[in-house]
Amino acid sequence: MQRIVWLVRQEGLSPHEILAVTFTNKAAKEMRLRLETELNMGLRSMWVGTFHGLSHRLLRTHWQEAKLPQHFQILDSDDQLGMIKRLMKQLGIDTESTPAKQVQSYINGHKEEGRRAAHVLARGQFERSLQEIYQTYEDLCQRQGLVDFAELLLRSLEVLRDTPPLLKHYQQRFSNILVDEFQDTNTLQYAWLKLLRGTDGCIMAVGDDDQSIYGWRGAKIENIHNFTEDFAGAQLLKLEQNYRSTSTILKAANELIKNNSERLGKALWTEDQVGDPIRVYAAFNEQDEARFIVDIIAQHVKEGGSRNDCVVLYRSNAQSRSLEEAFLRQGMPYRIYGGHRFYERMEIKNALGYLKLITNRQDDPAFERVINTPTRGIGATTLEKIRAYARDEGLGLWDASVEMLSRKLLTGRALVTVKAFIELIERMDEETLPLALKESVELTLELSELIDFHSREKGERGLARVENLKELISAVHNYEPTLTLDDIDEKAVNLEGRQALAVFLTEASLDSGDKQAEEDEDAVQLMTLHTAKGLEFPLVFLAGVEEGLFPHSMAIQSSPGGLEEERRLCYVGITRAMKTLYITHAEARRIFGKETYSQPSRFITELPAELLSEVRLTGSVDRPMHFAKDRPRPAAARVGGAGIGNPLSGAKESAAAANLRIGQRVEHKKFGVGVILHAEGEGDRTRLLINFEGVGEKTLVLGFAPLTPLD
DNA sequence: TCCGGAGGTCCCAAA
DNA sequence: GACCTCCGGA
C-alpha cells in the first residue's frame, strides 16, 4: 500500500504499470479506495484485485486467444457440483461410492496444481474413472462456455504462456507487481506471478507464514521459502514489530503459535502498553454466549464506544445464527459477512439463470435451473427426455429442445410448454437487446414472473425472497463494473449491450456480496476467522472456542497439518485485536439439531494463564435458592458492570429446581446416575457439578440438562 | 405433473 | 435445524 504510493509519488510510476493482487474482494476494494484517496486520482483502470478477478479481466479481454466464447460465464461451486452430479449420472457412475463432492475437490485440486485431465497420472481403476469424469467435465464446460473458479486462473495462465506477444505485453506493462497475503498462494497463483513478472520485473510480496490458513484450498507455505530462489534479486524482510495490539495480546499470540513445529520463526513485539487481560467466558450454551457478547458490546457503546469497533469472529458460518438472533433481539445493528452470499441465494440464482440463458444458450446449468422455475408444467419426465436427446446428439439442452420441437419429438402438453419456454427466452433476448443493463434486468425479471412465483410461497420465506429480488434490482442500479475501458490494452473492452450483461453476471459470481447492510451505519461486524484476516478491531470476540469446533474436528482428521493450521487460524483471530480480546466457549451447543457438550479448546489452555482473566457470573451468593448448603465460594470477578443478569422465567425455574439439592442423586439421559456436588448461578441457568458413575464430573446447566431426581 | 411428508444427510473455511 | 431426495396420493 505505502509502497504503491511511494512508487507513484517518488518514482513517478504510472499506476498503469503496477499490478496489485490480494485474496479477498474486501481487501482489494479497500486498497483501491485508499489509493484513490492518497493519490487523489481515479484508478478505475489500474489492475488491483483478487487473483480470480484479475484472471477474469484477462480472459474477458482476450477471450479469443483463450479459446472461449465472448460471453463465457462463471460456474460457481454449487453449479459446478450440480454439473458433476448430472454428468456422473449420465456416465452411469454411482454417487454412493463416489460422492460428487469428492470428485469436485479432485478436479479443483488438480486444477490448482495446474494439471488438466490429460496430465493426470491415474493409477488403478478408481483414479481412472475420476480422470474420465474430469475429462468429460472439461469438455462439457468448454462446449457450454463455462469457467469455474480454478479454471479462471488456469486458463489465464495458459493463455499468457501460449501467446508470447500477449505475455510480453503484460510483462512490460507491469513493471511492478505487489502481492498481499503471499503465504496463501497456491501453485497456480505462484506460477502466474512468476510468468507475469518475467525476468526483470520488480515484485514485492508481503506474507506471514504464521497466518497461512488456506492449505485446504491448495495454498503452499513453501512458496514463501522458494520465493527468494525463484525470484532472483528478491529479498526477505521480517516484520516483527506490531503497531496495533497491546503487549498482552501479542504475548498470547506468540505463546500460542510456539506450539507449532513448522515455522519460519519470529516473535511479534510492540511498544504499546500491557493493556487489558484476555477475558475468557464459559457460557452455558450458544444463546448464553451470544447474549453475553451483545451485553458487553452494549456496555462498550454505553461508555461511548462505537459498534464499528467491535467484531465477533467464529470458526464456522453456522455459528452466526444464534449470534444474529441475539443482536436482533437486542435491536443492535450488525453486519454479517460471508456465509450465504447474496448472489448464491436461490431466488437470485433463478433470476440470474434467465439472464445467463439470454447471453448464452449453451449454458446447461442455467437451462436446468429456470426451465421449470416458476413451474410451467415441464416435469422430470420431459426434462429427462431432453437430456437423453442432448446426450445422444451431443447437443446442449437448449439446442436439443429446439431440435426436438422442430422434429416433433415432443407431444401433447410437453410440446406446448417447452415451446412456450423457448419463446419466452427468445422474447426476453429480443426485447432486452436494445436496453441498458438495468432495464434489461428489470424486464427479464418481469417477464420471468419470478416475483409472482416467490410471493406465492408461503410464510416468511416467500416474502424474504421477493425482498431479495427487489434488492437485486437496486444492486443493478448501483452497479459499476470493475472491468472498464482500458486505454492501455490495444483491445479495449466495449461494455455495451450483451457484453455489459455478461460482465455483470460474472462479476456477480465473483462478488462476495458484502454490501448488504447500509454502509454508513454504525454496526457490529460478524464474520468467520478466515474472512477477518488482514482486518483489525479494538474489541474482538472469539466465539465458540471449543474442542471439536475450534480446532474443528474435521480439520484435525482430514490432514496431518490440520491442527497446526487451526492454531494459525487462532493466531490470526487473536492478533485481530488491538485493545481488548474476549474468548468465549459454550458448554452445550446445538449442532445439527442436537445438543452437544464440549470442552474448552486446547488453544485456551495454551495461552499463558497470567494473561487471562475468567469472567464469571455473579448472583449465586446473593440469592441462594435450594442450594443453601453450598460451601462458600471465592467472590467471582465481575465484568465491568455488564448487564448479564436477565430476568429468569420464574415458573420453569422453580419446577426444575424444586426437587434438587446438593448431594442429591439424579439420573441423566446420557450420563446415567450421578450425585450433585456443587451448584452455581440462578434459576434455569444454574450450573450443576455432578459426579456421574463411570463417567466422571460434568458441569450441566439446570435448564437444559434432562435430569430426574432419584431420591 | 405437482405437492406434501418421511427420512437421510450435512457446512469447516472462500473466490 | 435446514435442506435434499424419494415416494405415494391428487
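Every chain is numbered from 1 and lettered A, B, ... according to where its sequence line falls, protein lines coming before strand lines.
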- Query: Do we see A:Phe23 stacking on the base of B:dA15, given a limit of 5.5 Å between centres and 30° between planes?
  - Reply: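 No, aromatic ring not over the base.
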Of B:dT1, B:dC12, B:dC11, the nucleotide closest to the side chain of A:Ser316 is B:dC12
Looking only at B:dC2, B:dA15, B:dA13, the nucleotide nearest the A:His530 side chain is B:dA13
Rounded to the nearest Å, what distance is computed from the [atom1] atom of residue [X] to the [atom2] atom of nucleotide [N]?
X        : N      : atom1 : atom2 : value
A:Leu383 : B:dT1  : CG    : P     : 10 Å
A:Trp216 : B:dC12 : CH2   : C1'   : 8 Å
A:Asp78  : B:dA14 : CG    : P     : 13 Å
A:Gln189 : B:dA15 : CD    : C1'   : 9 Å
A:Leu146 : B:dA15 : CG    : P     : 21 Å
A:Gln319 : B:dC12 : CD    : C1'   : 10 Å
A:Tyr214 : B:dC12 : OH    : P     : 16 Å
A:Arg315 : B:dA14 : CZ    : C1'   : 12 Å

Looking at [X], does any N or O in its side chain come under 4.0 Å of the phosphate oxygens OP1/OP2 on [N]?
X        : N      : value
A:Asn372 : B:dC2  : yes
A:Thr531 : B:dA13 : no
A:Asn317 : B:dA13 : yes
A:Ser77  : B:dA15 : no
A:Ser553 : B:dC12 : no

Checklist entry - Which is it for A:Tyr214 and A:Glu181 under the side chain to side chain donor-acceptor pair (under 3.5 Å) test, yes or no, and what are the steps along the way? => result CA-CA 11 Å; A:Tyr214 283 106; A:Glu181 307 287 0; over 6 Å; no
Practice task
Would you confirm whether the ring centroid of A:Trp192 sits within less than 6.0 angstrom of the ring centroid of A:Phe51?
Solution key: yes
**OP:** Quick one: closest heavy-atom pair of A:Gly544 and A:Leu549, and the distance?
**Re:**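 In terms of heavy atoms, the two residues are closest at O-CD2, 3.5 Å.
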Looking at side-chain heavy atoms only, is the closest gap between A:Leu313 and A:Arg576 below 4.5 Å?
yes
With the side chain counted from C-beta on, respond yes when A:Leu178 and A:Asp180 share a heavy-atom pair under 4.5 Å apart, and no when they do not.
-> no
- What salt bridge (charged side-chain N to carboxylate O under 4.0 Å, His left out) pairs are there with at least one residue in residues 212-224 of chain A, not counting sequence neighbours?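 Every pair satisfying salt bridge (charged side-chain N to carboxylate O under 4.0 Å, His left out) with a residue in residues 212-224 of chain A: A:Glu113-A:Lys220.
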If you assign A:Ile213 and A:Thr375 each to the DNA chain B nucleotide with the nearest heavy atom, which residue ends up on the more 5' nucleotide?
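Between the two, 5'-proximity favours A:Thr375.
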Residue pair A:Thr381/A:Glu565 against DNA chain B: nearer the 5' end by closest nucleotide is A:Thr381
Distance to the ring centre below 6.0 angstrom and angle to the axis at most 45 degrees; does that hold for A:Arg291 and A:Phe327?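 No cation-pi geometry.
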The side-chain hydrogen bond (donor to acceptor under 3.5 Å, both in side chains) partners of A:Asp76 (sequence neighbours excluded) come to A:Lys349
Quick tally for nucleotides 1-10 of chain C: nucleotides whose base has a protein heavy atom under 4.0 Å get B, sugar-phosphate-only ones S, the rest -, giving BSS-------
